There are 2 protein chains.
Amino acid sequence: MRVTADQALVKKINKSLILHTIRMNAPVSRARVSEMTGLNKATVSNLVAELCSQELVTEAGPGESSGGRKPLILHFNAAAGSVIGIELRVKQLTAVLCDLDGGVLQEVDCRLEAHDLPYVLEQMKSIISALIAQAPPSPYGIVGIGVGVPGMVDDGVVLFAPNLGWEMVELRAILESSFEVPVTIDNEANAGAQGELNFGAARDVRHLLYISAGSGIGSGIIIGGELYKGARGYAGETGHMTIEAEGKPCSCGSRGCWELYASEKTYDNQGLTLPARTTSELVRHAIQGQEDVLNHFASIGEYLGIGVTNLINSFNPELIVIGGALSEAEPWLGGPLRRVVAERTLPYHKQQLEITFSRLGSRGTVIGAGFSAVMHFLGNIRVTL
Amino acid sequence: MRVTADQALVKKINKSLILHTIRMNAPVSRARVSEMTGLNKATVSNLVAELCSQELVTEAGPGESSGGRKPLILHFNAAAGSVIGIELRVKQLTAVLCDLDGGVLQEVDCRLEAHDLPYVLEQMKSIISALIAQAPPSPYGIVGIGVGVPGMVDDGVVLFAPNLGWEMVELRAILESSFEVPVTIDNEANAGAQGELNFGAARDVRHLLYISAGSGIGSGIIIGGELYKGARGYAGETGHMTIEAEGKPCSCGSRGCWELYASEKTYDNQGLTLPARTTSELVRHAIQGQEDVLNHFASIGEYLGIGVTNLINSFNPELIVIGGALSEAEPWLGGPLRRVVAERTLPYHKQQLEITFSRLGSRGTVIGAGFSAVMHFLGNIRVTL
DNA sequence: TGACTTTGTATATTGGTTAAACAAAGTTTT
DNA sequence: AAAACTTTGTTTAACCAATATACAAAGTCA
């Protein structure tokens, strides 16, 4: 939304700039923050003083001199509060207790036996309560809860989550009324993208495409360093991109959807002789050199490459990160995927583009979900011209 | 880029906000601008006074009273300066002289007999000089030149334009040194998107996908009201999206590219018995009911629908505008296109999404190119939180 | 005619950044 | 070791944009 500007806004912008500069570059001195941001030394001093009294920044004594007075070292106080990050999967609920810098303090898992809302909510609430109880004492306590869900999300509402059978669930409102803490709800791929962007394979990337390949395919799109959710929160539903105009019929009503060829959905294809039906088991067989499994992974890799090429042509990202359950199979997918992308992309893309697999692995989504809550707490206001 | 904030920035932001509020809502009074923006009446008065003395805003006497003192009506002064918009096509150069509100004052065409850079530059320069000579006297004169080119552009450089045989042409630098006026270079589809966004079928849309279907297919992507160019300016090269994994080989090195099935490239397909090879001629035959032509347009429409569906799933735009030469064939493409999109998109997309054809027709790109120059002159700074 | 409304301006206040001077605490040179 | 220089961080006064408030101007309505 467009806002008017006044001195209060000026202060907000500069304070946010200083806070995030310290967060990303600690340990730093006031002088270096002044250099890096371009703000006057006096301004930095004043705002740092406020940040210190808010306990978001701490002073950690003198550092090394570089030919003059020793600098006073500043740190971002990641222990000023905690957040809870949650990933809701089809058969499992994972939750972490994190500090404000994405550091995991506690981790809890819980199997889900059903998907009806009351049951899932009960499990979520009990797992959240357990983590809250374990939170270390801190100035702000629990400052937020972030949830990643396998479905489309708009403004805190789960519009549709086919694998859970959910539709129009006001998850944010429900959890906020239970815990009286700000709650952020994100699509699972979007949360994963946030995780990799801030703590994983994609730090400081401006235009990132995170592809979550598991039971389906979803993408988290980062544009200009920020999550792009589209007009109604449906952006990134790339699994239903057609890659075969007259291909297999899909449950979505279309044909030839990408995820029919490049996700775990392929494990149920007819005519296959796979020794298992989950990625982690298949990975074990691949390690032992089972030919059927190797071939199948190669095929998935190639089809992943086709879809990835399409997305590259549309988005021209700096980096692509492959995450989700299938990222476990990187050793067998990576080669074919990169080969197909190299064969099919326009020559200009090849120069700059990098393709990596998730660095946070299965934790990317929970950490990213938690980080959404952190950013909601810290705020991040900027000026674009 | 991230910027620090001070009072000068505050003023810039608010002045820009007021200017664009007047531009988009004229005629308006100071009081209404104050209401609409949320800025204090005094602030509006001060900044409007400056805008008036800069001749960007004019006072047009009293308006109707609504029960009190008559308001003083303000207008955006579109005549404060002029811009030149240029579209470079394979066989043609089109240029317009516009006022600051996209109003076309003069229009010139010129056939291109060759594509070598010196020849094209000569034509461009002579056409620009001719329009400059015709520009009406105004406070600021010619404030910029905007060019739309059929190729990929990054930061004023034409990276690659296959249909012209251009590579790494520093077009902005060349034109700026010739005319000593700011020059903006944009991809043709991006310029078209700007045109439709500001003056055509997509006014005030936040997330727009403009699809330029002609000799190939390119897309202009508007995200959050702004052009998205990607990491290196290659975003929107959607014509090379694969829609048939093992389809026809394409000159780009890939297979099954969208534009092989849904652009004018199909006119040269083997086994076809089309009576012509250009869209405008084929449209004439379609009007007369020629079956072969009708069938072919239907096929193009269907394939357009497949690609459009893919883009919808990725971007979740509010609106899709189909432009380019093929938009002439709307009566025959529109039905099949919309049918395929309805069949293949996820049900949730259908509710909100609109698909339109270009309203500016073949002028969209020139007008959009000119408007890029206008925005460069006026500036547009905003705050995002 | 008088009360009320609406529009736009003038004035004093507030509160942020900034340049410049300064104080403090170090290193380097002589 | 003393003097000169560097670096860091704070203090001070000045500047300036938005704002609330009061006010003036110009209308409507009963």
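Just so we're clear, the structure is a prediction, and the values are computed from it rather than from any experiment. The chains referred to below are lettered A, B, ... by the order of the sequence lines, with proteins before strands, and numbering in each begins at 1.
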Task: Phosphate contact (D:dA20 OP1 or OP2) by B:Asn40 side-chain N/O below 4.0 Å - done: yes

Task: A:Leu197 side, atom CG; A:Ile222 side, atom CD1 - distance, nearest 0.5 Å - done: 5.0 Å

TODO: Specify the residue among A:Leu47 and A:Ser66 whose closest nucleotide of DNA chain C lies further upstream toward the 5′ end.
DONE: A:Leu47

- [ ] Could you tell me whether A:Asn14 contacts a base, only the sugar-phosphate backbone, or nothing, with contacts defined as non-hydrogen atoms closer than 4.0 Å?
- [x] sugar-phosphate

TODO: For a side chain to side chain contact (heavy atoms under 4.5 Å, CB included) with B:Val33, tell me which candidate from B:Leu39, B:Ile22, B:Leu17, B:Leu47 qualifies.
DONE: B:Ile22

Open item on the list: Under 4.0 Å, counting only non-hydrogen atoms across every strand here, what does A:Lys11 touch: a base, just sugar-phosphate, or nothing?
Closed with: sugar-phosphate

TODO: Could you tell me whether the side chain of B:Glu176 and the main chain of B:Pro182 form a donor-acceptor pair under 3.5 Å?
DONE: no

Open item on the list: Considering every strand and a 4.0 Å limit on heavy-atom distances, what is the contact class for A:Ala5: base, sugar-phosphate, or nothing?
Closed with: sugar-phosphate

- [ ] Using the closest heavy atom to pick a nucleotide of DNA chain D for each, name whichever of A:Arg30 or B:Gly68 lands nearer the 5' end.
- [x] A:Arg30

Task: First encountered from the 5' end of DNA chain C, between B:Ala42 and A:Ser65 - done: B:Ala42

TODO: May I ask you to say what B:Asp6 touches in the nucleic acid, namely base, sugar-phosphate or nothing, with a heavy-atom cut-off under 4.0 Å?
DONE: sugar-phosphate

Task: Smallest separation among heavy atoms of B:Val104 and B:Val96, with atom names - done: CG1-CG1, 4.0 Å

TODO: May I ask you to say what A:Ser34 touches in the nucleic acid, namely base, sugar-phosphate or nothing, with a heavy-atom cut-off under 4.0 Å?
DONE: nothing

- [ ] Give me the first and last nucleotide of DNA chain C, going 5' to 3', that has any atom under 4.0 Å from a heavy atom of chain B.
- [x] C:dT5 to C:dT17

